[in-house]
2 protein chains.
Amino acid sequence: MIDWREFDQNPVSHSAAHHLTSIQQLLEEQGYARVSDVARKLGITRGSVSVSLKGLRQRGLVIEDQHKHLGLSEEGHRIARGIHTKRVLFQAFLRESLGLPDELAELDACKVEHLVSDVTAEALALFLERRPADDEARAELAEQVKVLEKSIKEGRVETFPCKEIEDFSSELMRKNELENNTHDDE
Amino acid sequence: MIDWREFDQNPVSHSAAHHLTSIQQLLEEQGYARVSDVARKLGITRGSVSVSLKGLRQRGLVIEDQHKHLGLSEEGHRIARGIHTKRVLFQAFLRESLGLPDELAELDACKVEHLVSDVTAEALALFLERRPADDEARAELAEQVKVLEKSIKEGRVETFPCKEIEDFSSELMRKNELENNTHDDE
DNA sequence: TCAACCTGTTTGGGTAGCCAAACGAATGAG
DNA sequence: CTCATTCGTTTGGCTACCCAAACAGGTTGA
């Protein structure tokens, strides 16, 4: 069993990820970023942002000039860029390969962006480069997804996973175990 | 901007997800599950498990018989099965479509399993069914991934994202925005 | 000049997790 | 029977977030 607590052992927390990317975005959008700008963008109070940024300043990710204008250190900038890149990659995958509607793709990408490893993100980029959006397949998937969404919303299928998917995943698991055993034999 | 705090607005937390799936797994493996079994499996203290399970019991997800043996309610069982299914689906995708090594696939799948929406999981299942592992492509990707991993470990590339990937993601973003604009025009 | 407003900070309160330590109850060995 | 172990629970302490509220400093318009 893998250590499941690696979950919150990431370079930056979900919260910190959004603080950093907000600053970066504000700098691009309006040229500066202050505590209240970040608070407004994230929808939390100035007090919360003030406290959070104190930590990020101590960790050397965020800097502040004489006029209380925020900036990112080189490290902070790198981290923000990394998270943003992961978000874009995942969103693209969810939209274009899985045919998910835009909003859901954005939401789910946002949830996982700071959790996936760098290697996984790189692999995803390679995958997307190699298999660029196949519009036909995508449209077909999008159609099926739309039907699914509707069923769920109407309460016709309130139970995930449905039988088909569970069977499919059981099969995947079986194949996985098989493969591991052959590897172990080497 | 999407509400980034949906992050911890999921039916179950990362912690709860593991408590539930542990119980389910223990029931399968040894026919029963007690507080200490769960604690051992999760690598945390009995006290922590005791407290966590109190909450899950109040929420009606976990039940307990006269002999302090734990079980899952119908709802609890459904949730545990759902999370497990998502884990399997993501792990399969990371391994077979992205060519990631087994351990990393398991780790990353474990991090996101409880966060992704049901619809996303269903879409992923459809995707995997439609594009079963292409062994050739997978081997090729695995090779590239191996090289990447090595570079990162040796510190030759300590910076994610590298230039290529960032350029690629910029392009994805550009395409995304273009598409949104065309949709807006409709 | 002075009140109104906006800023950033601090403080006390709340939730969710984790730990270590202490406890009572049950169980098992001798 | 007794002592040691195991089990589940409770408690106090910790971190990481969030909020609301109070406060201090700066700007600005009348």
Less than 4.5 Å apart, any side-chain heavy atom of A:I63 and any of A:R57? no
So, with a heavy-atom separation below 4.0 Å from DNA chain D, the residues of residues 35-46 of chain B are B:V35, B:S36, B:R46
Check whether more than 12 heavy atoms from other residues, nucleotides or ligands sit under 6.0 Å from atom CD of A:Q30, and answer yes or no. yes
What residues 48-63 of chain B contributes to the DNA chain C interface at heavy-atom separation below 4.0 Å is B:S48, B:S52
Give every donor-acceptor pair under 3.5 Å between a side-chain atom in residues 6-16 of chain A and any protein atom, sequence neighbours left out.
{"residue": "A:N10", "atom": "OD1", "partner": "B:K111", "partner atom": "NZ", "Å": "3.4"}
{"residue": "A:N10", "atom": "ND2", "partner": "A:F7", "partner atom": "O", "Å": "2.4"}
{"residue": "A:S13", "atom": "OG", "partner": "A:S15", "partner atom": "N", "Å": "3.4"}
{"residue": "A:S13", "atom": "OG", "partner": "A:A16", "partner atom": "N", "Å": "3.0"}
{"residue": "A:H14", "atom": "NE2", "partner": "B:W4", "partner atom": "O", "Å": "2.8"}

- Is the side chain of A:S169 donor-acceptor paired with the backbone N or O of B:L89 at a distance under 3.5 Å, no angle test? no
Contact span of DNA chain C against chain B, any nucleotide atom under 4.0 Å from a heavy atom, 5' to 3', runs C:dG17 to C:dA20
**Message:** Let's go through A:D37 and A:K41 carefully: what are the C-alpha distance in whole Å and the side-chain angles of both, what is the deciding distance for salt bridge (Lys or Arg N to Asp or Glu O under 4.0 Å) to 0.1 Å, and is it a yes or a no?
**Reply:** CA-CA 6 Å; A:D37 298 316; A:K41 199 171 193 75; over 6 Å; no
query: Just by distance, do the side chain of A:N176 and the backbone of B:A92 share a donor-acceptor pair under 3.5 Å?
result: no
**Asked** Do B:V88 and B:Q91 pass the side-chain contact (heavy atoms from CB on, under 4.5 Å) test, and can you show the C-alpha distance, the side-chain angles, and the key distance before you say yes or no?
**Response** CA-CA 5 Å; B:V88 171; B:Q91 198 175 337; 5.7 Å; no
Task: A:R131 with A:E96: basic N within carboxylate O range, under 4.0 Å - done: no
message = For a 4.5 angstrom cut-off between non-hydrogen side-chain atoms, does B:Y32 reach B:L26?
response = no
Q | Electrostatic pair A:E75:A:R59 at N-O distance under 4.0 angstrom | A | no
| query | Within 45 degrees of the axis of the six-membered ring of B:F160 and under 6.0 Å from its centre: does A:K86 put its NZ or CZ there? | reply | yes
Charged N to carboxylate O under 4.0 angstrom, A:E106 versus A:R95?
no
What residues 10-21 of chain B contributes to the DNA chain C interface at heavy-atom separation below 4.0 Å is B:S13, B:S15
Notebook entry, point to check: For B:K68, does its backbone N or O pair with a side-chain atom of B:D65 as donor and acceptor, under 3.5 Å?
Noted result: yes
Side-chain donor/acceptor of A:S48 to backbone N/O of A:I44, under 3.5 Å = no
Between B:E149 and B:K146, does at least one N-O distance fall below 4.0 Å, as a salt bridge requires? no
Its 5'-most and 3'-most nucleotides having an atom under 4.0 Å from a non-hydrogen atom of chain A, DNA chain D is contacted over D:dC17 to D:dA20
